[in-house]
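Because only heavy atoms are used, hydrogens play no part in the values below, and waters and symmetry mates are left out as well, while side chains stay in. From a predicted model like this one, the values you see are computed outputs, not experimental measurements. Whatever order the structure lists them in is the order used to number ligands and atoms, beginning at 1.
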Amino acid sequence: MSEASIVPGRSSVNVDLTGRSAFVTGAASGIGRACAERLSRAGAAVTVLDLDGEAASKVAEGIGGEALQADLSDYGVLDSLEVDADIVVNNAGLQHVSAVEEFPPERFSMILTIMLDAPFRIVQKALPGMYEKGWGRIINISSIHGLIASPYKSAYISAKHGLEGFSKTVALEGGGKGVTSNCICPAYVRTPLVENQIADQARTHGISEEEVIEKIMLTEPAIKRLIEPEEVAEFAAFLCAPEASFINGASLVMDGGATAH
Ligand SMILES: NC(=O)c1ccc[n+]([C@@H]2O[C@H](COP(=O)([O-])OP(=O)(O)OC[C@H]3O[C@@H](n4cnc5c(N)ncnc54)[C@H](O)[C@@H]3O)[C@@H](O)[C@H]2O)c1
């Protein structure tokens with residue numbers, strides 16, 4: 001089997017999460033969905049939160065989990081969320097590509113709400129229960145854009161850099177109480193978020209989608225392929241294993257060497 005052919009549904013990390021609960025945001029699609037499925041396969045009872053209620057229900061049905069339709073850009077909704085979970089995966093996110101001087105301010109605020117305020121509020125609600133049990137795992141799906149910038153993605157990059165700082169702070173507060181907090185920082189993952197960007201770039205530059213992947217997206221990584229969502233989910237599962245209990249406050253890069261330059 002080639003390294004790139006990750007088989008959805010196959011697990012390599014042996015982690016038993018029987019009796020644990022997980023709360024995964026943006027879990028109707030892409031990386032969040034893969035995390036929800038993986039944690040469920042490890043035995044966790046998973047809450048599948050997403051803006052798209054129908055898609056969340058389908059994922060939840062598939063894994064015997066619970067669907068929760070919620071708009072994480074709405075402070076009223078955030079206030080009313082109840083989060084009593086052993087594992088939180090802060091994953092929901094979106095991209096907006098625009099030069100700073102043209103970036104719609106309300107869009108900037110919305111992206112920060114979904115990708116930084118919401119993780120803060122969700123973790124704030126989850127921590128007391130985790131501290132009581134003496135065990136918890138906060139897994140923040142960041143990005144290499146939590147560590148480095150690119151032009152035209154100011155809101156996304158600001159949110160991810162903020163998430164990195166928040167994750168480290170939680171790591172320091174929670175580490176002594178059995179709660180770890182880490183960021184996973186992938187480069188381009190094959191999900192609808194990226195597939196839409198590929199189609200947009202192909203249209204904008206008048207080139208094929210294959211050329212966008214090769215000539216625009218994969219110029220930096222030494223390994224010339226997109227990451228599969230299941231690879232990110234596997235890493236998330238590992239962070240819940242006893243062997244990962246000393247990994248705390250880390251930014252775990254999965255980028256094929258893109259940031260090693
Ligand atoms: N795809 C990549 O290349 C890549 C790389 C690095 C990091 N990430 C990060 O991974 C995370 C997931 O991205 P993905 O590629 O799987 O995207 P995706 O578009 O496939 O999934 C994102 C999910 O978030 C949900 N969502 C969006 N706005 C929401 C809101 N207001 N309330 C609740 N849910 C909302 C969407 O409905 C969707 O189901 C994001 O935080 C993204 O920044 C993605």
Side-chain angles (χ1 to χ4, degrees), residues 23-38 47-60 67-78 80-81 83 88-97 106-107 109-119 121-122 139-150 153 155-164 166-167 183-201 212-213 216-218 220-221 225-233 235-236 251-256 258-259:
F23 187 93
V24 184
T25 71
S29 173
I31 296 169
R33 176 184 180 152
C35 287
E37 291 173 345
R38 180 62 184 91
T47 299
V48 176
L49 181 148
D50 206 281
L51 180 62
D52 183 339
E54 209 175 303
S57 295
K58 274 194 199 141
V59 173
L68 180 58
Q69 193 283 331
D71 181 355
L72 297 179
S73 71
D74 183 329
Y75 285 111
V77 169
L78 287 172
S80 67
L81 277 183
V83 189
V88 166
V89 182
N90 283 310
N91 165 80
L94 72 165
Q95 182 60 275
H96 183 96
V97 179
E106 60 289 350
R107 187 91 173 140
S109 300
M110 188 190 94
I111 289 176
L112 258 84
T113 303
I114 296 168
M115 294 171 61
L116 185 54
D117 274 12
R121 285 164 185 251
I122 287 167
I139 300 168
N140 298 301
I141 306 301
S142 178
S143 162
I144 57 167
H145 283 136
L147 307 173
I148 58 163
S150 295
K153 297 180 177 175
Y156 185 94
I157 286 161
S158 302
K160 293 298 193 194
H161 275 68
L163 186 64
E164 293 278 339
F166 175 60
S167 179
C183 283
I184 300 179
C185 308
Y188 287 111
V189 186
R190 191 190 308 279
T191 70
L193 184 141
V194 158
E195 278 159 357
N196 293 339
Q197 282 185 53
I198 295 170
D200 281 350
Q201 300 251 25
V212 172
I213 295 175
I216 298 179
M217 291 190 159
L218 299 184
E220 298 302 321
R225 67 172 176 84
L226 298 175
I227 311 166
E228 301 300 327
E230 289 74 20
E231 294 177 86
V232 182
F235 210 165
S251 302
L252 302 158
V253 173
M254 298 182 83
D255 72 350
T259 54

> Quick one: which of E164, K160, H161 gives a side-chain hydrogen bond (donor to acceptor under 3.5 Å, both in side chains) with S142?
Replying inline: E164

Give me the atom names and distance for the closest heavy-atom approach of [X] to [Y].
{"X": "G30", "Y": "P229", "answer": "O-CB, 3.9 Å"}
{"X": "I114", "Y": "S73", "answer": "CG1-CB, 3.6 Å"}
{"X": "C35", "Y": "V89", "answer": "SG-CG1, 4.3 Å"}
{"X": "P119", "Y": "L163", "answer": "CB-CD1, 3.8 Å"}
{"X": "I111", "Y": "L94", "answer": "CG1-CD2, 4.0 Å"}

What protein heavy atom sits nearest [atom], and how far away is it?
{"atom": "atom 27 (C) of ligand 1", "answer": "G93 O, 4.0 Å"}
{"atom": "atom 19 (O) of ligand 1", "answer": "L193 CB, 3.6 Å"}
{"atom": "atom 1 (N) of ligand 1", "answer": "T191 OG1, 3.1 Å"}
{"atom": "atom 42 (C) of ligand 1", "answer": "Y156 OH, 3.4 Å"}
{"atom": "atom 36 (C) of ligand 1", "answer": "D50 OD1, 3.5 Å"}
{"atom": "atom 32 (N) of ligand 1", "answer": "L72 N, 3.0 Å"}
{"atom": "atom 18 (P) of ligand 1", "answer": "S29 OG, 3.6 Å"}
{"atom": "atom 31 (N) of ligand 1", "answer": "D71 OD1, 3.0 Å"}

Looking at non-hydrogen atoms alone, which of [options] comes nearest to [atom]?
{"atom": "atom 33 (C) of ligand 1", "options": "G53, A70, S142", "result": "A70"}
{"atom": "atom 4 (C) of ligand 1", "options": "V189, I111, V59, L51", "result": "V189"}
{"atom": "atom 24 (O) of ligand 1", "options": "G26, S143, G30, P186", "result": "G26"}

Should you measure from each heavy atom of [X], which atoms of ligand 1 turn up under 4.0 Å away?
{"X": "N91", "result": "10 (O), 11 (C), 12 (C), 40 (C), 41 (O)"}
{"X": "Y188", "result": "3 (O)"}
{"X": "I31", "result": "8 (N), 10 (O), 16 (O), 44 (C)"}
{"X": "V194", "result": "1 (N), 2 (C), 3 (O)"}

> Looking at E37 and R33, does any basic side-chain N land under 4.0 Å from a carboxylate oxygen?
Replying inline: yes

>> Between T25 and N90 (side chain of the first, backbone of the second, donor and acceptor by atom type, cut-off under 3.5 Å), is there such a pair?
In response: no

>> Under a 3.5 Å distance rule, please check whether S57 uses its side chain to pair with a backbone N or O of G53 as donor and acceptor.
In response: yes

>> Check this for me - ligand 1, D52, N or O atoms closer than 3.5 angstrom, yes or no?
In response: no

> So is I114 close enough to ligand 1, meaning a heavy atom under 4.0 angstrom away?
Replying inline: yes

>> Quick check on K160 - does any of its heavy atoms sit under 4.0 Å from an atom of ligand 1?
In response: yes

> After noting the C-alpha distance and the side-chain angles of H96 and M110, does the key distance pass the side-chain contact (heavy atoms from CB on, under 4.5 Å) rule?
Replying inline: CA-CA 11 Å; H96 183 96; M110 188 190 94; over 6 Å; no

> N91 and side-chain contact (heavy atoms from CB on, under 4.5 Å): which partner among I184, I141, I139?
Replying inline: I141

>> Is it the case that atom CD in E54 sees more than 12 heavy atoms from other parts of the structure closer than 6.0 Å?
In response: no

>> Heavy-atom distances under 4.0 Å decide this one: backbone, side chain, both or neither, for A187 against ligand 1?
In response: backbone

